[in-house]
Amino acid sequence: MAEKAFIISKKTIVKASDFRNPVLKNASMILQRDIEKVTTKDVDENRIELILDPQATVEGDAYRIAFVSADIVKLTAKTALGVMYGALAISREILGVDDFWYWMDKLPVTKDTIKWTNFDLHLPEFQTKYRGWFVNDELLIMGWEDHDSQRYVWQRIFETALRVGCNLIVPGTDINSQINRQPAKEFGLMIAHHHAEPLGAKMFAREYPTLTASFIKYPDLFRKLWRDAIMEQKGTPTIYSLGFRGQGDKPFWLDDDSRKWDDHAIADVINGIIKEQYNMVKELDPGAPMALNVYGELTGLYNKGLIKLPNDVIEIWADSGYGKMVSRRQGLDNPRSPILEAANPEHRQRGIYYHVAFHDLQASNFLGLLSNSPAFVSSELMKVRQHHFDTLELINTGSIKPHILYLREVAKSWLTDYSARNNETILKDYVTHYYAKKRDEVVQLYDQYWQAIVQYGPHTDETAGDEFAPYLIRRLIKAWVSGQDKLSDAGWVVGDAKLDKSLEKLDQLITPKLADWDTLLLQVQELLLTLDQEDSRRLYGDLYLSVINQARGLKALHLVIEAYQEVSKAKKSDDYVKPFLVTDEAYRYLNEITIAEKTNPSTKWRDFYKNDGYNNVPLAVSQLKFLRHYLRTLGDSDDEDKWEHHFIKATAEARVMTLSNTRPAMSDDKLAEKLRERLIDHL
């Protein structure tokens, strides 16, 4: 019997059965692009046909690939999403295109032609029915373009989500979610909604900026927004999010003074709204699935038995923000209520909203790796499965690029045959896949990352991500120069202590880990110099930037604390020289982070971090620069030339003053450099 062989070359054509269908069109374009990327030689023209057939003998979004002849291969599915999955399977399994090729800059190996003989490709068996990315806190993506286009970036987001098995997406936050909803559907993805945007409706405050966002005052305006949203989405694959939060992802009653709010009053409003929204969806888009995010303040109300839900609504429960399946801390309130043990007497379907990236303005990870290990995440996700919270999983991806290690593992966890994996297994799998040389050394460096993490709370998962240091630096500077006796919004880590005691506690937390971070940073830098160009660039973006954020951020925080403590002992003007220099050192260390981002050896990513408005390292750098000059103002003369005369000028030059000065006062940068040079033996 003759071998079934299909030769893929630059002359292979991908043909969709219906180019009017946008999902088939996108599937065809992706597969054609990848063929042109991988093959280099022309042979006889042949074609791969993508066929949407509602009568196909496959289940759900599965697909079937059939060799017809050396000229034709047919890919058939009964759903457009199935066609997309099949096209991406050919791209991955036959052409060798990596799922995260775009984010990891991993291009496939080029070949003259590809001899395709294995047509037995199938959709994996998924344990999780609804598998989705929640592209939330997408600040870096918002400020970045590739191919001079935001549209291109979002297309690659949708493509990558599909490659790893997503069938569901929340395509951004607020305005982004509105803009990207239709493009996401054109890739075959089902739409879900941000927990602050019920039914996917536009924000009340955007539509009616002069009105208080109060359902009590303006119920008909809210109902119109909800109805409009349903009418816009009806008949398309959508999971409608029920519920009601305030504008800007916060409790609605904080902005609503129409009555006194206790738990029962809050629950009455939420329950009434849920019922209205549920009935509205049933009327306008019958058969569409619905979900409720049991998130934030709603968790406590639910646990008190105050929230009433129809039984066919999927409950979505959230982790702590740091990957632990306990309730999220709200300010100083941290009950850590277990999520997975929540009673479910009505046997509703349950899912999770899970963070591998998070932004809470305090200690989470935004620019870098999660502060809890991949093994920890793997273990938590297995507990989710064991407690039947895996009907729907929405994964907060942040801006995706810094979080690939976790997103890849989460995608594996959706498969039926997945079981929890330890760090060694996860890291070896990951590093073997993405690095060609010195894999053992790379694995060791990744592993050291979580060993160096600062634990800020009493529970082992209460660990400090890359937001921790810049957040606290800004609060320390504000408290210091404004004469406050406490750090603002820091009770979660220092309690109610006065400023000096708070700083002592912080320093006790971070100082034992500084040497570990210095060592890890140096080891990564050394390895970058010895890897080949491709591996070096990948490690730079995937690990080095995470390490330098932690290492230099924590070092800068330690130094600012030291400067404050030195100033508290100052008795004369010259006693400000040392804290001035210590602050200069903190400024330079923190600025290394922004320099590292801007000098990425992969030019594609050099401006990716420019819209960092969460960690806001550039702001913290600017404030340290301000603090440095503030200390000079306290210790130097009115004309800012005393320290120069006293410590830098030659003795004769300083004593002979026929002119008041011969040049303008030194800049802070120059003064710090010269003071450090002259006083190095005394500091």
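These values consider heavy atoms only, across backbone and side chains, with no hydrogens, waters or symmetry-generated copies.
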Is it true that a side-chain atom of [X] and a backbone atom of [Y] form a donor plus acceptor pair closer than 3.5 Å?
| X | Y | result |
| --- | --- | --- |
| Asn271 | Leu306 | yes |
| Thr397 | Ile400 | no |
| Asp99 | Val164 | no |
| Ser482 | Lys478 | yes |
| Gln233 | Ile239 | no |
| Lys308 | Gly305 | yes |
| Asp137 | Gly398 | no |
| Arg156 | Trp103 | no |
| Ser327 | Ser337 | yes |

[Y] side chain reached by [X] side chain, heavy atoms, under 4.5 Å:
| X | Y | answer |
| --- | --- | --- |
| Asp319 | Ile339 | no |
| Leu162 | Leu81 | yes |
| Met84 | Phe187 | yes |
| Ile453 | Gln550 | yes |
| Ile169 | Leu394 | no |
| Val135 | Val170 | no |
| Lys275 | Gln277 | no |
| Glu462 | Pro458 | yes |

For [Y] together with [X], are the ring centres under 6.0 Å from each other?
| X | Y | value |
| --- | --- | --- |
| Tyr218 | Tyr208 | no |
| His194 | Phe134 | yes |
| Trp450 | Phe376 | no |
| Phe204 | Phe215 | no |

[Y] versus [X], side-chain donor and acceptor atoms under 3.5 Å:
| X | Y | answer |
| --- | --- | --- |
| Asp360 | Tyr322 | yes |
| Ser177 | Glu197 | yes |
| Asn372 | Thr463 | yes |
| Asn396 | Tyr353 | yes |
| Thr236 | Lys185 | yes |
| Glu138 | Thr173 | yes |
| Tyr130 | Asn167 | no |
| Trp414 | Gln127 | no |
| Gln362 | Tyr456 | no |

Knowing that exactly one of Tyr471, Phe366, Phe358, Tyr609 qualifies, which makes a ring pair (Phe, Tyr, Trp, His ring centres under 6.0 Å) with Tyr614?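 Only match with Tyr614 under ring pair (Phe, Tyr, Trp, His ring centres under 6.0 Å): Phe366.
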Working note: Phe244 + Ile274, criterion side chain to side chain contact (heavy atoms under 4.5 Å, CB included); need CA distance, chi angles, decisive distance, verdict. CA-CA 8 Å; Phe244 188 58; Ile274 288 172; over 6 Å; no
Evaluate the criterion side-chain hydrogen bond (donor to acceptor under 3.5 Å, both in side chains) for residue pair Tyr449 and Ser373; output intermediate values, then yes/no. CA-CA 9 Å; Tyr449 182 89; Ser373 74; over 6 Å; no
In plain terms, say whether [X] and [Y] are close enough for a salt bridge, that is, a side-chain N and a carboxylate O under 4.0 Å apart.
| X | Y | value |
| --- | --- | --- |
| Asp496 | Lys501 | no |
| Arg350 | Glu315 | yes |
| Asp485 | Lys498 | yes |
| Asp228 | Lys224 | yes |

With Pro618 via side-chain contact (heavy atoms from CB on, under 4.5 Å) - residues at least two apart: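 side-chain contact (heavy atoms from CB on, under 4.5 Å) check on Pro618 returns Thr594, Asp612, Asn616.
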Does atom [atom1] of [X] have more than 12 heavy-atom neighbours, drawn from other residues, nucleotides or ligands, at distances under 6.0 Å?
| X | atom1 | result |
| --- | --- | --- |
| Glu125 | CD | no |
| Glu59 | CD | no |
| His459 | NE2 | yes |

Using the rule given for side chain to side chain contact (heavy atoms under 4.5 Å, CB included), can you reason through Trp133 versus Leu168, listing the C-alpha separation, both sets of side-chain angles and the distance that settles it, and then say yes or no? CA-CA 7 Å; Trp133 278 6; Leu168 180 71; over 6 Å; no
Set out, in order, the CA-CA distance, both residues' side-chain angles and the distance that settles salt bridge (Lys or Arg N to Asp or Glu O under 4.0 Å) for Lys129 and Asp390, then state yes or no. CA-CA 8 Å; Lys129 180 178 181 181; Asp390 58 347; over 6 Å; no
Between [atom1] of [X] and [atom2] of [Y], what distance do you get to the nearest 0.5 Å?
| X | Y | atom1 | atom2 | value |
| --- | --- | --- | --- | --- |
| Thr416 | Arg385 | OG1 | CZ | 6.5 Å |
| Phe389 | Ile316 | CZ | CD1 | 12.0 Å |
| Glu159 | Cys166 | CD | SG | 12.5 Å |
| Met280 | Trp226 | CE | CH2 | 6.5 Å |

Candidate pair Tyr418 and Glu409, rule side-chain hydrogen bond (donor to acceptor under 3.5 Å, both in side chains), full reasoning: CA-CA 10 Å; Tyr418 182 81; Glu409 190 65 20; 2.7 Å; yes
All salt bridge (Lys or Arg N to Asp or Glu O under 4.0 Å) counterparts of Asp174, not counting sequence neighbours: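 Arg206.
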Taking only residues two or more places apart in sequence or in another chain, which ones pass salt bridge (Lys or Arg N to Asp or Glu O under 4.0 Å) with Lys383?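 Checked Lys383 against salt bridge (Lys or Arg N to Asp or Glu O under 4.0 Å); matches are Glu380.
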Describe, in one word, how the ring planes of Phe126 and Tyr85 are oriented to each other, choosing from parallel (under 30°), tilted (30 to 60°) and perpendicular (over 60°).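 Rings of Phe126 and Tyr85: tilted, 30 to 60°.
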Dump the intermediate steps for salt bridge (Lys or Arg N to Asp or Glu O under 4.0 Å) on Arg227 and Asp220, then the final yes or no. CA-CA 10 Å; Arg227 182 172 289 271; Asp220 289 339; over 6 Å; no
Apply side-chain hydrogen bond (donor to acceptor under 3.5 Å, both in side chains) to the pair Asn365 and Glu467, showing each step before the final yes or no. CA-CA 6 Å; Asn365 68 303; Glu467 286 193 342; over 6 Å; no
Arg329 vs Arg336, side chain to side chain contact (heavy atoms under 4.5 Å, CB included): CA-CA, chis, key distance, verdict: CA-CA 7 Å; Arg329 173 174 55 81; Arg336 290 178 62 88; over 6 Å; no
